Each structure stands twice: as C-alpha cells, then as structure tokens.
Amino acid sequence: MHNLTQNRELADLLFPDIQKTPEYYEVLYPKRQLPEGAKVTRFAPSPTGYVHMGSLYASLVSERLAHQSNGVFFLRVEDTDKKREVEGGVSNIIRALSRFGISFDEGVTDVDDEKGSYGPYKQSERMEIYKTFAKRLVEKGLAYPCFCSEEDLDKIRAQQEEKKETPGYYGEYAVHRNSTLEQVREELSRGKPFVLRVKAPDNPDSRFVFKDLIKGDVEMPENFQDIVLLKSDGLPTYHFAHVVDDHLMRTTHVTRGDEWLPSAPLHVQLFEMLEWEKPYFAHISPIMKMEGSSKRKLSKRKDPEADVSFYHEQGFPGISVIEYLVNLINSNFEDWRRENPESPNTSFKIELERMSVSGAMFDIVKLTDMSKDIVAGMTAEEVYNMSLEWAEEYDSELWALLSRDEKYAKRIFSIDRGGEKPRKDIAKWLDVKPNIFYFFDELFTRDAAEGYNFPDTIPADEVNRLIREYAKVYNHSDSKDMWFDRVKEFCEVMGYSKDVKTFKKNPGAYKGHVGDVTGIIRVAVTNRRNTPDLYEIMQVMGENMVMERFDKAINR
RNA sequence: GGCCCAUUGGUCAAGUGGUCAAGACAUCGCCCUCUCACGGCGGUAACAGGGGUUCGAAUCCCCUAUGGGUCACCA
C-alpha cells in the first residue's frame with residue numbers, strides 16, 4: 001500500500017516533466033458563459049476521412065441539440081491511434097458534413113487550423129494535459145503503472161478462461177497494482193515500457209445506476225477492471241481522453257453511439273475520481289440494415305450506402321438525407337413537416353426522450369420518397385443549379401448538355417413544376433439524365449438505337465400510319481386546348497375513340513382510344529411511355545425537333 | 001459465455017393501465033387523367049411467446065425465445 005508521500009514520489013518518477021497542475025487547466029478552460037439551458041456538444045471522429053451514416057446521424061443529433069439551445073457544437077479530432085490516421089482525413093470529414101449543412105462553432109477547422117478557446121482540439125496535441133491529470137490520479141493513489149507485456153496479459157487471460165472467470169486485469173490478477181516504489185523504479189531502470197492503469201474499486205458485485213437521456217435508467221455492474229488510461233506510447237486511450245477532454249472543453253451532453261454504453265460505468269467512475277461534474281449522456285442506437293431475415297448494423301465494409309459520400313455521388317440533396325435522419329431522430333417530424341411545409345427543418349426541435357431506444361432500419365425507399373417531395377418543391381432554377389453542380393463532378397456529358405443552353409435546360413425543368421401538384425420524378429440528381437435525355441438529339445439517338453418502346457399491342461404498320469398521318473395534322477402553334485382538340489379529331493379519323501370512357505363502353509367499335517394514340521406519339525417523340533405533359537414537351541423541343549422525331553420514328 | 005439494451009403491420013413508428021391500437025413509406029383496388037406521375041378515396045397488414053399483478057395490460061413484474069451491442073495498450 002502506498003501512502004501519500006509515496007504516491008507523490010511515484011507520480012514524479014513516472015511524470016518528471018509535468019510541472020503544470022490540474023488547477024492550472026481549470027483556470028485556463030473556465031466554465032463557459034452561456035445562457036440557461038444551453039448545451040455544449042461535440043462530434044469526435046478519428047481522422048480516417050470516412051463518415052459513416054451512423055456518424056452523420058450522431059453528429060446531427062449533437063448539432064441540433066447545441067444549436068437549438070444557443071449552445072456550442074465543436075469538432076474534436078480523436079487521433080490517438082496512429083493506425084487510423086489517413087492523409088487529408090480531417091478535411092474530408094469537415095467537407096462531408098458541410099455538404100449536409102452541418103458546421104461547427106469551434107474546434108478543428110482544417111489539417112493545421114482550429115478556432116475556439118478550449119483547444120487544442122486535436123488529441124495528439126494535448127499530451128501534456130492528459131499527463132497532468134494522469135499524474136494527479138497517481139498522486140491520489142488512483143492510478144499506477146503496469147509493466148505487463150502482451151504475453152503476460154495473454155497468460156492471465158488463458159488462466160481466467162480455464163477457470164471460467166471474467167477475463168481482464170483486475171483484483172488479484174492486477175499484478176502490478178501494489179508494486180512498491182522500489183519495484184517500479186527497478187522496472188523503469190531496465191527501460192521497460194509501461195501503461196498507466198486506473199485502480200478500480202475491487203468489488204465486482206456492486207451495482208451502478210445512471211440515467212441515460214435516450215435509454216432511460218440503466219443498471220450495470222460497477223467497473224472493476226483496471227482499464228488502461230495511458231498507452232505505452234504515452235497517448236491516452238479513448239476512455240481517458242474522453243473524460244479529460246469533455247470536462248476541460250466543458251461538454252454538457254455527450255452524445256455517442258450506444259456501443260459506448262458498456263463503458264459508461266468506467267467513464268463515470270473516472271469523472272468521480274477526478275472529482276468532476278458529470279456530463280449528461282445520450283447513447284444513440286445504431287442504424288441497421290436488413291440482411292436476409294435478420295438485421296445488423298450498417299457496415300462500412302459491406303454496405304456502400306453506409307458511407308455518406310454515397311449520397312453525394314448519387315446526387316441526393318443534402319437536405320433530403322438530413323430530413324430523413326431528423327425523422328429517424330423524432331418520428332413526429334413528419335407531422336411537423338406537413339404543418340410547416342415552408343419552414344427550414346432546423347426549426348423543428350428535436351427531443352432526446354423521443355428517440356427510439358432500438359436501432360432503426362435504414363430505409364432508402366423512404367429516403368427516396370422524402371427526397372422526391374423535397375425536389376418537387378424546388379424551383380426549376382434550383383433544380384438546374386443543383387443538378388448542374390452535381391453533373392460537373394459526376395457526369396460530364398450531362399454537364400455539357402445542361403450548360404450548353406441554360407435557357408433550354410431551365411425550360412425543361414419547368415415542365416410540370418411549380419404548380420399545385422408538381423411532378424415527383426426526381427429524387428436525386430442521378431435521376432435527371434434518364435428523365436430528360438430525349439430533349440437532346442445525341443442522347444435520344446443513342447437511346448432509340450437500342451430500339452423503340454412502342455407497345456406490342458399495336459402492329460408496327462399501324463404505328464407508322466399513325467405517326468405519318470399525325471405529322472401531317474400536327475400544328476406547332478396550337479394552344480394546349482387546340483392541340484388536344486386536334487388530337488381528338490385525329491383519333492376519330494383514324495378509328496380511335498376520343499376518350500377512354502367511350503372506348504370502354506364499346507371496345508369493339510374502335511381500334512383503341514385516345515390514350516393509345518397519344519402513347520404512340522409520345523414514344524415517337526421521347527421513346528418513353530411515361531413522360532410529363534406531352535404538349536409541353538413538344539413546345540419546349542421546338543417544331544423542328546418534333547418533326548424530326550416523327551421522321552426518325554417512321555424510318556426506324 | 002458474462003454483462004447491457006431491445007422486441008407494436010414488410011419498414012419507420014404513435015402509444016406510459018381502459019384507444020374500434022394513430023400516422024407515414026411500401027403494397028393492393030378504385031376515381032381523376034392524353035400516358036406516367038401527382039392527387040383523392042378505400043383495402044390487406046402489428047402489440048415475439050408463456051406465466052403472473054389488476055375489474056381491466058401493448059403499457060407493470062417474471063421466465064423463455066429472438067435480435068443487437070460490448071467484453072483491446074481501437075475508437
């Protein structure tokens with residue numbers, strides 16, 4: 001057993017270079033002056049550059065919590081594992097999040113830049129801080145060096161497995177826990193590397209209860225493992241860094257994936273050992289994916305849609321993804337949206353208590369539907385600008401066509417848009433090309449070369465006859481009503497009923513109905529059976545293009 | 001395996017002891033319509049199972065099953 005002076009000696013022995021004190025940092029990073037109820041949250045990724053859907057989800061929760069309470073949302077980079085570091089990773093993460101409208105009030109802003117007065121915000125630059133608090137823990141007899149090698153640890157584990165005991169470094173298995181100062185000195189003099197471990201209370205049966213803002217009251221065993229605080233390279237583990245950083249950065253609400261729930265007792269224990277006020281914890285359930293008949297966490301390795309850049313590539317507007325996620329956070333968002341169709345989604349207040357405690361299945365069909373609604377609400381101008389921007393990066397051919405004649409492109413996007421019931425055909429910018437290709441001869445030609453999509457129910461001869469005759473009566477300067485009147489008249493001449501009802505009443509009397517005829521014209525002009533308003537399409541195309549399409553169809 | 005968390009229609013979910021168990025997406029049917037879409041109307045479809053507690057249970061308790069998470073000098 002160490003007494004107080006021995007602890008102090010040990011602390012100096014382990015951290016001879018640490019001169020600052022915890023008190024120094026308490027003054028350096030004072031409690032934030034914020035309005036009542038303001039929340040301080042953070043996003044704390046490893047600098048891998050990869051942003052998982054689950055991370056976006058969690059960061060969205062954190063961001064909203066902070067910003068809807070006039071609080072602070074900051075970015076901290078958890079780069080204590082060099083193996084995870086990827087060149088340019090930080091910038092990638094920041095860029096990926098900004099595409100979804102998520103920005104930070106303080107923290108890391110780029111590879112070598114940051115803002116805010118609670119930094120540094122990169123853990124690798126906070127070594128002195130961690131060591132200062134580690135030293136204090138040693139002084140208090142709450143942490144100690146452990147010289148076990150990997151092999152030693154393996155041996156312990158093997159022993160425990162054999163006896164069917166809980167594996168880990170604790171109690172009587174914690175061989176270095178009660179080393180004397182002399183023993184430590186000797187190991188050190190032999191140049192042996194060490195890790196710093198917490199001296200956990202040795203009572204495996206004691207229970208720990210805490211209130212999670214999402215999961216509710218959770219009861220678990222108290223932590224009794226002597227978890228590593230400082231690795232042998234001197235860098236802190238997540239556990240220690242989290243506690244030190246979130247205290248010093250004055251985080252009020254720790255929002256993170258629920259894979260952290262099992263280590264929450266450890267974290268709370270550390271807060272208590274350091275005599276710090278505990279933050280609130282909110283453990284977020286993972287986003288799942290259906291595989292066969294069972295669900296599992298969306299996987300970075302297996303699922304392309306787990307990577308948020310997937311949505312950028314597909315051309316989902318960032319706001320669509322965000323609204324989908326907001327709805328996953330609080331499902332009453334949909335009701336709110338219906339009542340507030342014009343409000344920005346940031347006006348919707350999220351509530352942690354309303355979050356689901358179990359993992360939600362990621363539903364790309366629903367995302368697509370929501371996105372269609374959002375795009376349908378955009379102006380032609382917006383659709384043009386956003387699809388152009390997308391095309392610039394992902395589809396140079398489309399980009400060239402859209403920028404070649406801006407006015408023409410915007411007229412295309414104006415069809416069936418802006419009215420009471422806007423067309424819902426575009427969910428993502430990837431959908432644009434297949435929806436508008438027929439307005440461009442080069443794309444249309446390529447498409448028609450694959451074959452025309454005339455219905456099989458009408459013989460080719462009849463198709464040709466209809467197009468040839470229709471081309472003769474087509475008058476490009478007709479108003480919409482006149483155009484349709486003329487179509488109906490044409491139908492009667494050709495032996496088709498001028499409306500569907502008449503045909504249905506007496507199918508034997510006609511070759512078909514007006515829908516069949518317009519269907520043929522539609523395919524001739526667009527090579528699609530489903531399109532927006534045919535009249536509008538032909539008006540936008542212009543007379544020449546329309547007539548050429550008729551020719552081309554007849555001579556196919 | 002230990003420890004946690006969970007389980008309402010195909011999916012997201014409302015629901016906190018008394019509801020004909022909302023709504024949305026998907027699906028199906030009908031209507032509207034030049035097609036498709038949009039829109040409108042309607043349909044199919046759920047409290048994992050078993051025990052309790054209670055006048056009464058999706059809601060509370062226990063057990064079972066299933067799913068998920070976690071048990072590193074990774075985060």
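Predicted model, so just to flag it, every value in this text is computed and none were measured. Here is the naming used below: chain letters follow the sequence lines, and residue numbers restart at 1 for every chain.
- Nearest-nucleotide mapping onto RNA chain B: of A:R207 and A:M355, the residue sitting toward the 5' end is A:R207.
- Remark: aromatic rings of A:Y144 and A:F194 are distant, center separation not under 6.0 Å.
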Contact letters for nucleotides 35-43 of chain B, in which S counts primed atoms plus P, OP1 and OP2 and B counts the base, heavy atoms under 4.0 Å: BBSBS----
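- For the pair A:I287 CD1 and B:rC5 P, the interatomic distance rounds to 22 Å; values are reported in whole Å.
- The gap from the P atom of B:rG42 to that of B:rC25 amounts to 14 Å, rounded to the nearest Å.
- Between B:rC62 and B:rG15, the two C1' atoms lie 24 Å apart (nearest whole Å).
- Side-chain N/O atoms of A:K231 include one lying less than 4.0 angstrom from OP1 or OP2 on B:rC74.
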Structure string for RNA chain B in dot-bracket form, Watson-Crick and G-U at under 3.5 Å, | interchain: ((((((((.[[[..)..(....]]].(((((.......)))))....[[[[[..)....]]]]])))))))....
Step-by-step side-chain contact (heavy atoms from CB on, under 4.5 Å) determination, A:V321 to A:M53: CA-CA 10 Å; A:V321 177; A:M53 199 60 184; 3.7 Å; yes
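- Residues A:D79 and A:P262 both approach RNA chain B. Their nearest nucleotides, taken by heavy-atom distance, put A:P262 toward the 5′ side.
- In this structure, CG of A:D258 is placed 18 Å from P of B:rG67, rounded to the nearest angstrom.
- Between the CD atom of A:Q160 and the P atom of B:rA72 there is a distance of 10 Å, rounded to whole Å.
- Between B:rC3 and B:rA58, the distance separating the two C1' atoms is 28 Å to the nearest Å.
- Closest to the side chain of A:R197, out of B:rA14, B:rC4, B:rC73, is B:rC73.
- For A:H239 and B:rA72, the NE2 to P distance is 9 Å, given to the nearest whole Å.
- Atom C1' of B:rG69 sits at a distance of 23 Å from the matching atom of B:rC63, rounded to the whole Å.
- Here the options are A:F484, A:W483, A:Y474, the test is ring pair (Phe, Tyr, Trp, His ring centres under 6.0 Å), and the partner is A:Y535; only A:W483 passes.
- Residue A:K366 is classed as a base contact, given a heavy-atom separation below 4.0 Å to a base.
- A donor-acceptor pair under 3.5 Å is absent between the side-chain atoms of A:K428 and the main chain of A:Q314, judged by distance alone.
- As judged by a 4.0 angstrom heavy-atom cut-off over every strand, A:S232 is placed among the base-contacting residues.
- Taking atom CE of residue A:M361 and atom P of nucleotide B:rG9, one finds them 11 Å apart after rounding to whole Å.
- Here A:S285 does not reach the OP1 or OP2 of B:rC5: none of its side-chain N or O atoms lies under 4.0 Å away.
- The gap from the P atom of B:rG68 to that of B:rC55 amounts to 40 Å, rounded to the nearest Å.
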From CA spacing to verdict: salt bridge (Lys or Arg N to Asp or Glu O under 4.0 Å), A:D307, A:K300: CA-CA 7 Å; A:D307 186 345; A:K300 171 176 177 173; over 6 Å; no
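- Residue side chain A:T237 does not reach the base of B:rC73 through any donor-acceptor N/O pair under 3.5 Å, judged by distance alone.
- Across all strands shown, A:I521 has no heavy atoms under 4.0 Å from either base or sugar-phosphate atoms.
- Geometric assessment of A:R549 against the ring of A:F444 yields a positive cation-pi assignment under the 6.0 Å and 45° thresholds.
- If you measure from atom CD of A:E151 to atom P of B:rC73, you get 13 Å, rounded to the nearest angstrom.
- If you measure from atom CZ of A:R76 to atom P of B:rA75, you get 12 Å, rounded to the nearest angstrom.
- For the pair A:M288 CE and B:rU66 C1', the interatomic distance rounds to 13 Å; values are reported in whole Å.
- With ring centers used as reference points, A:F281 lies 6.0 Å or more from A:W260.
- Nucleotides B:rG23 and B:rG67 are separated by 32 Å at their P atoms, to the nearest Å.
- Within 4.0 Å (heavy atoms only), A:C148 reaches at least one base atom of the nucleic acid.
- Here the nucleotide nearest the side chain of A:A360, chosen from B:rU7, B:rA24, B:rC12, is B:rC12.
- Between the P atoms of B:rA65 and B:rG49, the separation comes to 16 Å (whole Å).
- Nucleic acid contact class of A:K164 (heavy atoms, under 4.0 Å, all strands): none.
- The aromatic rings of A:H239 and A:H267 sit tilted, their planes meeting at an angle between 30° and 60°.
- At a threshold of 4.0 angstrom between heavy atoms, the contacts of A:V195 include nucleobase atoms, whether or not backbone atoms are also involved.
- Considering only side-chain atoms of A:W483, the nucleotide from B:rG69, B:rC34, B:rC12 that sits closest is B:rC34.
- You'll find that the side chain of A:V357 is closest to B:rA6, out of B:rC34, B:rC12, B:rA6.
- Side-chain N or O atoms of A:D303 include none that pairs as donor or acceptor with a backbone N or O of A:E305 at under 3.5 Å.
- At a threshold of 4.0 angstrom between heavy atoms, the contacts of A:Q225 with the nucleic acid are absent.
- No engagement by A:K498 is indicated, since no non-hydrogen atom pair under 4.0 Å with the nucleic acid exists.
- Nucleic acid contact class of A:S356 (heavy atoms, under 4.0 Å, all strands): sugar-phosphate only.
- Residue-level contact check: A:R338 touches the backbone only, with heavy atoms under 4.0 Å from sugar-phosphate atoms and none from bases.
- Closest to the side chain of A:V218, from the set B:rU70, B:rG68, B:rC4, is B:rC4.
- Only one option out of A:K122, A:R126, A:R42 pairs with A:D245 in a salt bridge (charged side-chain N to carboxylate O under 4.0 Å, His left out); it is A:R126.
- When the side-chain nitrogen and oxygen atoms of A:T80 are compared with OP1 and OP2 of B:rA75, one or more of them lie within a distance under 4.0 Å.
- Rounded to the nearest Å, the gap between the P atom of B:rG9 and that of B:rA46 is 9 Å.
- Take A:R207 and apply the salt bridge (charged side-chain N to carboxylate O under 4.0 Å, His left out) test, not counting sequence neighbours, and it matches A:E219.
- Nucleic acid contact for A:M370: none, since no nucleic acid atom lies under 4.0 Å from a heavy atom of the residue.
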Full working for salt bridge (Lys or Arg N to Asp or Glu O under 4.0 Å) between A:E351 and A:K349: CA-CA 7 Å; A:E351 297 168 61; A:K349 296 269 181 290; over 6 Å; no
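- Contact of the A:T166 side chain with the A:Q160 side chain is not registered, since no non-hydrogen atoms from C-beta on lie closer than 4.5 Å.
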